[in-house]
Undergrad: 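Below is a structure I'd like to ask you about.
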Amino acid sequence: MPIDRKLLEILVCPECKGALKYDRANQELLCNHCQLAYPINEKGVPVMIADEARSLAEAEPES
């Protein structure tokens, strides 16, 4: 389920208050600054709780 564009314009990362990018494939909102991915539930509602977010830093392979 796609996220509403107006909602995406309003939402910010709860940690740094930075802009979020929508990842349609994974149904997440991404904060590049904090390296967190906030899930969007099956009803299309973003879960904007840092403890519920997935770390993007852990997903990247180490060199």
Side-chain angles (χ1 to χ4, degrees):
M1 172 179 285
I3 190 163
D4 182 64
R5 288 186 184 270
K6 292 210 181 255
L7 180 60
L8 187 55
E9 291 174 7
I10 296 169
L11 290 175
V12 295
C13 175
E15 292 293 303
C16 71
K17 310 302 184 233
L20 298 167
K21 290 190 174 197
Y22 175 48
D23 178 355
R24 181 183 300 247
N26 293 314
Q27 287 297 296
E28 296 175 320
L29 296 176
L30 308 176
C31 176
N32 289 326
H33 182 265
C34 293
Q35 292 291 294
L36 293 173
Y38 296 95
I40 299 173
N41 70 18
E42 61 278 348
K43 293 182 180 180
V45 178
V47 181
M48 303 303 295
I49 302 170
D51 289 342
E52 300 284 326
R54 178 175 64 85
S55 173
L56 296 174
E58 292 174 4
E60 294 177 11
E62 294 183 30
S63 307

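Numbering starts at 1 and runs along the sequence shown. Just so you know, these numbers use all the heavy atoms, side chains as well, and skip hydrogens, waters and symmetry mates. Everything numeric in this text was worked out from a predicted model, so none of it was measured.
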Undergrad: Mind checking the CG-CD1 spacing from Leu29 to Ile3? Nearest 0.5 Å is all I need.
TA: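 Output value for this atom pair is 4.5 Å.
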Undergrad: Mind jotting down which residue pairs meet the salt bridge (Lys or Arg N to Asp or Glu O under 4.0 Å) criterion with at least one end in residues 14-32? Sequence neighbours excluded, please.
TA: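 Those involving residues 14-32 are Glu28-Arg54.
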Undergrad: In the hydrophobic cluster built from side-chain contacts under 4.5 Å, what are the other members alongside Val12?
TA: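 When side chains under 4.5 Å apart are linked, Val12 ends up in no cluster with other residues.
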Undergrad: Which heavy atom in Ala37 sits nearest to a heavy atom in Leu56, and how many Å separate them?
TA: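 Distance-wise, the nearest heavy atoms are CB-CD2, 3.8 Å.
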Undergrad: How about Leu20 and Pro46: do any of their side-chain heavy atoms sit closer than 4.5 Å?
TA: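 SC-SC contact between Leu20 and Pro46 ruled out.
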Undergrad: Which hydrophobic side chains are connected to Ile49, either touching it within the sub-4.5 Å cutoff or through other members that do?
TA: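 Once heavy-atom contacts under 4.5 Å are chained together, Ile49 belongs with Val47.
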Undergrad: Drop me the distance from Tyr22's OH to Leu8's CG, to the nearest 0.5 angstrom.
TA: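 The CG atom of Leu8 is 9.0 Å from OH of Tyr22, to the nearest 0.5 Å.
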Undergrad: At what distance, to the nearest 0.5 angstrom, does CG of Asn41 lie from NZ of Lys43?
TA: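 Going from the CG atom of Asn41 to the NZ atom of Lys43 covers 7.5 Å.
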Undergrad: Which heavy atom of Pro39 sits nearest a heavy atom of Ala53, and at what distance?
TA: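 Minimum heavy-atom separation between Pro39 and Ala53: CD-CA, 4.4 Å.
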Undergrad: Taking atom CD1 of Ile40 and atom CG of Asn26, what is their separation to the nearest 0.5 Å?
TA: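 That separation rounds to 10.0 Å.
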